[in-house]
Amino acid sequence: MAAPTKPKPSATKSPASPAKKSTQSGGGSSTPSVLQGSTSGKNWFEEGGDASGWKRGGEKWQTLHHNGVIFPPLYEAHKVPLTYDDKDILLPVDCEEVATMFAAMKNTDYAKKEIFQKNFMKSWRRVLKGHAETEHIKHFNKCNFTKMAEHLADQAEIKKAMTGDQKKAAKAERDRLEEPFAFAVVDGRKEKLGNFRVEPPGLFRGRGEHPKMGQLKARIFPEDITINLSEDAEVPQVPDIGDGKKHKWGEVVHKNTVTWLCKWKDSINGEDKCVWLSANSSWKGMSDMAKYEKARKLKDHIAQVRKDYAADMKSSDVARQQKGVTVYLIDRLALRVGGEKDTDEEADTVGCCSLRVEHVKECATENMLHLNFLGKDSIEYDNTTEVIPEVMELIKKFQKKKKPTDNLFDTVQPTVLNDYFHTIMDGLSAKVFRTYNASITLCSELAKTDAQVSQSMKDKKGAEAALYEYYNIANKNVAELCNHQKAASPAHDAAMEKLREKVATMELELKAVKKEKNASKTSQLEKRIDKAKEDMEMKDRLKNVSLGTSKINYNDPRITVAWCKRHDVPIHKPFPKTLLSKFSWAMAIEPEFKF
DNA sequence: AGCACCACTTAGGAGGCAAAAT
DNA sequence: ATTTTGCCTCCTAAGTGGTGCT
């Protein structure tokens, strides 16, 4: 089984050396951190340990050592001109930098949008105004970035033309330089970082109709960075970022109740960007296990929740009715809770509590409700589903005397629901229902296949592939429940057409074979045709379903591990390398495990 | 009660690479 | 041998939810 952290024998000394003293003293303080006792070299989950010590706001570490962050290189001028009003202009380097960002995106959908162009111009103008020779560049329509775009294409071509060996060598060299930044030492354990590169400056690409798309995201300097490590740790040297200036860290703190190593403020939304450990670290693993254990606990309380919302809907109090319906939707449709958003600053997306009158419609068919709205990441939720009559009646009532753009549930905010959920179960919040629903769906879907599979598949050729197909269907059902989507590949339609042609050819062949009255050949071919048709249907259904998101974030990995053990499916089929390592805590589960 | 702030999880897309198909 | 496909990793945006302050 893959250990979550494989110490590389070839690892450079730093940052491992300063942690030695804490390793010897097993943490070195009388107050244990969540992982204290892990100095035996075993993983946290191998010591009969669980994740119950994992708490937000709780102590996370005794000692924390790391080397800070890597900064992106400063911009280097290419001196390819901008064409403005049909005249070539060589831009000062700071103006050229921003212009080049646009040139790089010239042919994307973003760059064709008016808001993007407007925001870009506003950001760029601030730089252009700083120079007498560029002050006159004011109108986007007079700007032609073609020469810069061609230059970038040439550069890409050169890079692409490198041989495989050259690419490998370049990558190895990069890895060597970055290795010291790629790991931290937490209470004496070496742990991999998830990210350690400061985000480079660029034009903001929001999702959907984001009002800030195209704005310049500013370059981050050491002064913007807060470093978090233990007091006994050496503060990492501020790297030479190449501008010849002496830089300092913004702040150095020693907060051991948090798990971020570095952070800075993003210039677009003023939000914190953090450096965290990677998904296969002990911290993330414990947090993950705690999440699934909490979701499993909900099984013992779900009946109460359902009883409560049935009663709430019968109440004459509108606030209670609205609470009842929203909890119903969160429970039955696995909707996100939907906090308030500021549409001047963010894309207009909604979740359960922020649904508007316009997002919900009664269908002609009785008790069928049609929901259509943009959710997280501006992904469309479009679902027609049966609801209980009470829900339909109440929704119609909440819509009365309201404009399409009014909130459907004007008395419920996420806090109202979460305050209620806290009374049901410790730590229960709206998002737990998504985890619960996803995992219990996967578990029951896979259980369904257990019986079929054991009878019809065992000992047959191709059993493993067929089994794995069952798994994928179960996974797909969860993804559809959670509305996890992806853009269909641009080649999808063409690929489907090809498959159709293939089937048509086989069908012609079948006719010929039938004429020959070759029975064994006939039945063979029929099977092949059926299989090809099935594959085609599946491919089409999955064209914009994303299986990865539920696998990574919602499905208790123990369900998958147990199922693989029951059916002798190699675990690397559903969990390739990185997932195996992320879920290492789940590998020892017994085959009978039920979520 | 409402809000700002903070910590952390969840999310899809881009791009690179390797396996599969031709 | 070359093209196509599909998978994986990286990137960073976009959510949720808790806390503490006014």
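First the proteins, then the strands, lettered A, B, ... as listed; each starts at 1. Note that the structure is predicted; figures quoted are calculated from it, not measured.
Rounding to whole angstrom units, CG of residue A:Leu417 and P of C:dG17 are separated by 9 Å. A:Phe575 has its CZ atom 15 Å from the C1' atom of C:dC8, to the nearest Å. If you take NZ of A:Lys291 and C1' of C:dG17, they are 14 Å apart, rounded to a whole angstrom. Taking atom CE on A:Met538 and atom P on C:dG6, their separation rounds to 13 Å, with Å as the unit. When rounded to the nearest whole Å, the span between CZ of A:Phe204 and C1' of C:dA14 equals 9 Å. We find that CD of A:Gln413 is positioned 15 Å from C1' of C:dT16, with the value rounded to whole Å. Between the C1' atom of C:dC11 and the CE atom of A:Met105 lies a distance of 14 Å, rounded to the nearest Å. A:Ile552 places its CD1 atom 16 Å from the C1' atom of C:dG15, with the value rounded to the nearest Å.
Taking the centre of each ring, A:Tyr554 and A:His484 come in below the 6.0 Å mark. Aromatic rings from A:Phe204 and A:His210 are positioned such that their centres are separated by under 6.0 Å.
A close approach under 4.0 Å does occur between a side-chain nitrogen or oxygen of A:Lys263 and OP1 or OP2 of B:dA7. Checking the phosphate oxygens (OP1, OP2) of B:dA11, a side-chain nitrogen or oxygen of A:Tyr554 falls inside 4.0 Å. One finds no side-chain N or O of A:Thr259 lying less than 4.0 angstrom from the OP1 or OP2 phosphate oxygen of B:dA7. Distances shown here put every side-chain N or O of A:Lys273 at or beyond 4.0 Å from the OP1 or OP2 atom of C:dT12. At the phosphate of B:dA7, OP1 or OP2 sits under 4.0 Å from a side-chain N or O atom of A:Lys255. In this structure, A:Lys341 reaches the C:dG15 phosphate: one of its side-chain N or O atoms is under 4.0 Å from OP1 or OP2.
Nearest heavy atom pair, residue A:Gly285 against residue A:Trp44, reads C-CZ2, 3.5 Å.
Checked for salt-bridge contact, A:Glu346 and A:Lys212 miss the test: no charged N lies under 4.0 Å from a carboxylate O.
If you check every strand for non-hydrogen atoms under 4.0 Å, A:Trp276 touches a base. Residue contacts shown for A:Gln485 are limited to sugar-phosphate atoms, with no base heavy atom under 4.0 Å away. A:Arg207 comes within 4.0 angstrom of a nucleotide base, judged by non-hydrogen atoms across all strands. A:Ile379 comes within 4.0 angstrom of the backbone, heavy atoms only, and of no base. Here A:Lys539 lies in heavy-atom contact (under 4.0 Å) with sugar-phosphate atoms only. Within 4.0 Å of A:Gly338, counting heavy atoms only, lie sugar-phosphate atoms of the nucleic acid but no base atom. Within the 4.0 angstrom heavy-atom criterion, only backbone atoms of the sugar-phosphate kind lie near A:Thr578; the bases stay farther away.
Nearer the 5' end of DNA chain C, as judged by each residue's closest nucleotide, is the contact made by A:Ser489, out of A:Ser489 and A:Arg336. Toward the 5′ end of DNA chain C lies the nearest nucleotide of A:Glu199, the other residue of the pair A:Asn418 and A:Glu199 mapping further downstream. Nearer the 5' end of DNA chain B, as judged by each residue's closest nucleotide, is the contact made by A:Lys265, out of A:Lys265 and A:Lys498. Between A:Lys171 and A:Tyr110, the residue whose closest nucleotide on DNA chain B is further toward the 5' end is A:Tyr110.
Across C:dA13, B:dT10, B:dC8, the shortest atom-to-atom separation from the side chain of A:Lys376 is found for B:dT10. Nearest nucleotide to the side chain of A:Ser287, out of B:dC8, C:dT12, C:dG17: B:dC8. Residue A:Ala495 places its side chain closer to C:dT5 than to any other of C:dT12, C:dT5, B:dT10. Closest to the side chain of A:Pro200, from the set C:dT12, C:dA14, C:dA13, is C:dT12. The side chain of A:His484 sits closest to B:dA11 out of B:dG16, B:dA11, B:dA7. Taking every side-chain heavy atom of A:Lys577 into account, C:dT9 is the closest of B:dC6, C:dT9, B:dA11. Considering only the side chain of A:Thr549, B:dA11 comes nearest among B:dA11, C:dG17, C:dC11. In the set B:dA7, B:dT10, C:dT12, C:dT12 carries the atom at the smallest distance from any side-chain atom of A:Lys217. Considering only side-chain atoms of A:His210, the nucleotide from B:dC8, C:dC8, C:dA14 that sits closest is C:dA14. Closest contact between the side chain of A:His422 and the listed nucleotides C:dG18, C:dT16, B:dC6 involves C:dG18.
Of the N and O atoms on the side chains of A:Glu191 and A:Asn280, not one donor lies less than 3.5 Å from an acceptor on the other residue.
Residue A:Lys431 places no side-chain atom within donor-acceptor reach of the base of B:dT9, judged by atom type and a 3.5 Å distance cut-off alone.
Checked by atom type and distance alone, the side chain of A:Lys476 never pairs as donor or acceptor with a backbone atom of A:Leu542 at under 3.5 Å.
Taking the ring axis of A:Phe183 as reference, the NZ or CZ atom of A:Lys190 stays within 45° of it and closer than 6.0 Å to the ring centre.
The only option from A:Asn407, A:Thr326, A:Val325 that meets the side-chain contact (heavy atoms from CB on, under 4.5 Å) definition with A:Val412 turns out to be A:Thr326.
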